[in-house]
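Report on one structure; see the data block that follows.
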Amino acid sequence: WPFPSFSIRLNALVEVSSPGRICLFGEHQDYLGLPVIAMAMNLRLQIRGRKRNDKKIIINLPNIDNSESFFINDSINIKPKNIFQSGVKVCIEEGLSFSSGFEVEILSKIPIQAGAGSSSALMVAWINFLSQVADNPHNWNKENIAQIAFKSEVLQFNLPGGMMDQYSSAFGGYIYLESAPKISIRKLNPNLGYFVLGDSCVSKDTTSILKRCRDMRLNIVNKLTKRYPDFDLHNNEEVDISFLSKNEQNIFKATINNRDILLKVLPELKKNNPDCSFIGRYLIKHHEILRDELGVSTKKIENMLDAALTAGALGGKITGSGGGGCMFAYAPNNPEIVAEAIEKAGGKSFIINSDIGTSVLQNTEN
């Protein structure tokens, strides 16, 4: 089990696990309805728990030296105060029932609030756990879990995020995700080898960054749709954007360029053994657009990425909303050297590769 350094206090009867993720291509695109390519990684979050004799839910969070508690009825017909209540509320709406509470311990090796998908891994694991400890357990498939997690984490709180994180954590591996005109998930199986995740250890305001990047582009799309009723971001047909401001023109071009980068690399990622140098080059191209046009990188992220590339990484980019948090470098041949370079640049490094999606490790409750 990948948590040997933790001391598990609970004699758990139900154990579930979910992975974090990195976004390879399509960063800041999924909430516009554009496709993304993501990889679930072998930094995971684990929930271990058991039922109680009352209706109280106790959540122990030793990673942040905290705990939370509430009663099951607190999650019914009210606006949830946190994602744990939200998950219970949505699961009840989806047909689950809970006649008793439970106590859990949540442990994670995913950098927290750093753009590595920690909150979605938590929600996916939480939904999976709830489905197992309910009075009427449901063996929801991966897509069900992802949908319910998205509803619980994003829709319940009217947040600006897309679906990539929940689907990556639920399905695992590499996925190509389309969310418009309908949700479509395609599993990819490229042999890409190792990446190195670098945590800048600089906190970020995820919600405000996502809202800024989303709202300014939705405003552009609305202007284009008003002038061209058939306009579609998925369409390659060129439109006259001269009526937009110079900044709006640049942002629109950046969005289209990122869309086209993904479409260019997708055929390569469908191969079992893709051209690693090709993938690396386009990771850099994607990052440059995120840095120069969306303005989501930071000086420290740039220093870490430069150090990784100098050490021999084939490419890399910021991952997550940006404004701090994590970057990753693609280093299939020399991950240890690249990890050391990132550390010397002031980051915390993790050598990572692809991993499975959410899974139930143990269930002796039922």
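Remember, predicted model here, so these are calculated numbers, not experimental data.
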Crowding at [atom1], [X] (>12 non-hydrogen neighbours, <6.0 Å):
| X | atom1 | answer |
| --- | --- | --- |
| K300 | NZ | yes |
| N136 | CG | yes |
| F278 | CZ | yes |
| K56 | NZ | no |
| Q113 | CD | no |
| D54 | CG | yes |

Just do the side chain to side chain contact (heavy atoms under 4.5 Å, CB included) check on I110 and R21 with the steps written out, would you?
CA-CA 9 Å; I110 308 167; R21 66 93 190 95; over 6 Å; no
Evaluate the side-chain hydrogen bond (donor to acceptor under 3.5 Å, both in side chains) criterion for residues S245 and N247: first the C-alpha distance (whole Å), next the side-chain angles of each, then the deciding distance (0.1 Å), finally the verdict.
CA-CA 5 Å; S245 71; N247 182 61; 5.3 Å; no
Within the 3.5 Å criterion, strictly below it, is a donor on [X] or [Y] matched to an acceptor on the partner's side chain?
| X | Y | answer |
| --- | --- | --- |
| N63 | S108 | no |
| S119 | E153 | yes |
| N42 | N353 | yes |
| H286 | N258 | yes |
| R217 | Q29 | yes |

How close do [X] and [Y] get, heavy atom to heavy atom, and via which atoms?
| X | Y | result |
| --- | --- | --- |
| C23 | F328 | O-CE2, 3.3 Å |
| P19 | R44 | CB-NH1, 3.6 Å |
| P335 | N333 | CD-C, 3.6 Å |
| Y330 | C276 | OH-SG, 3.1 Å |
| S118 | I112 | OG-CA, 3.7 Å |
| M163 | D30 | N-OD2, 3.3 Å |

Please report whether the ring centroid of F129 lies less than 6.0 Å from that of F102.
yes
In Å, rounded to the nearest 0.5 Å, how long is the span from [atom1] of [X] to [atom2] of [Y]?
| X | Y | atom1 | atom2 | answer |
| --- | --- | --- | --- | --- |
| F150 | D165 | CZ | CG | 10.0 Å |
| F350 | K109 | CZ | NZ | 9.5 Å |
| K285 | D260 | NZ | CG | 12.5 Å |
| N128 | S17 | CG | OG | 9.5 Å |
| L24 | S168 | CG | OG | 9.0 Å |
| I57 | F70 | CD1 | CZ | 4.0 Å |

Are the side chains of L122 and F84 in touch, meaning some heavy atoms are under 4.5 Å apart?
yes
Does L244 reach the side chain of I220, with side-chain heavy atoms less than 4.5 Å apart?
yes
Go through the steps to decide whether W126 and I47 satisfy the test side chain to side chain contact (heavy atoms under 4.5 Å, CB included), and finish with yes or no.
CA-CA 7 Å; W126 184 237; I47 299 179; 4.0 Å; yes
Tell me whether [Y] is reachable from [X] by hopping between hydrophobic residues (I, L, V, M, F, W, Y) whose side-chain heavy atoms are closer than 4.5 Å.
| X | Y | result |
| --- | --- | --- |
| V88 | I58 | no |
| I356 | I185 | no |
| F195 | I337 | no |
| F71 | V90 | no |

Would F25 and L283 count as a side chain to side chain contact (heavy atoms under 4.5 Å, CB included) if you check the C-alpha gap in whole Å, the side-chain angles of each, and the deciding distance to 0.1 Å?
CA-CA 7 Å; F25 298 97; L283 285 170; 3.6 Å; yes
Does a side-chain N-to-carboxylate-O contact under 4.0 Å join [X] and [Y]?
| X | Y | value |
| --- | --- | --- |
| E293 | K253 | no |
| E103 | K51 | no |
| K348 | E343 | no |

Residues L233, N235; criterion side chain to side chain contact (heavy atoms under 4.5 Å, CB included); working and verdict
CA-CA 5 Å; L233 276 176; N235 198 317; over 6 Å; no
Determine, stepwise, if the pair Q85 / D74 fulfils side-chain hydrogen bond (donor to acceptor under 3.5 Å, both in side chains).
CA-CA 7 Å; Q85 282 189 349; D74 294 343; 4.6 Å; no
Test Y282 against every option in K317, H287, K264 by the side-chain contact (heavy atoms from CB on, under 4.5 Å) rule and name the one that passes.
K264
Is a side-chain N or O of [X] found less than 3.5 angstrom from the main chain of [Y], in a donor-acceptor match?
| X | Y | value |
| --- | --- | --- |
| K187 | G172 | yes |
| S169 | V124 | no |
| N219 | D215 | no |
| S200 | V202 | yes |

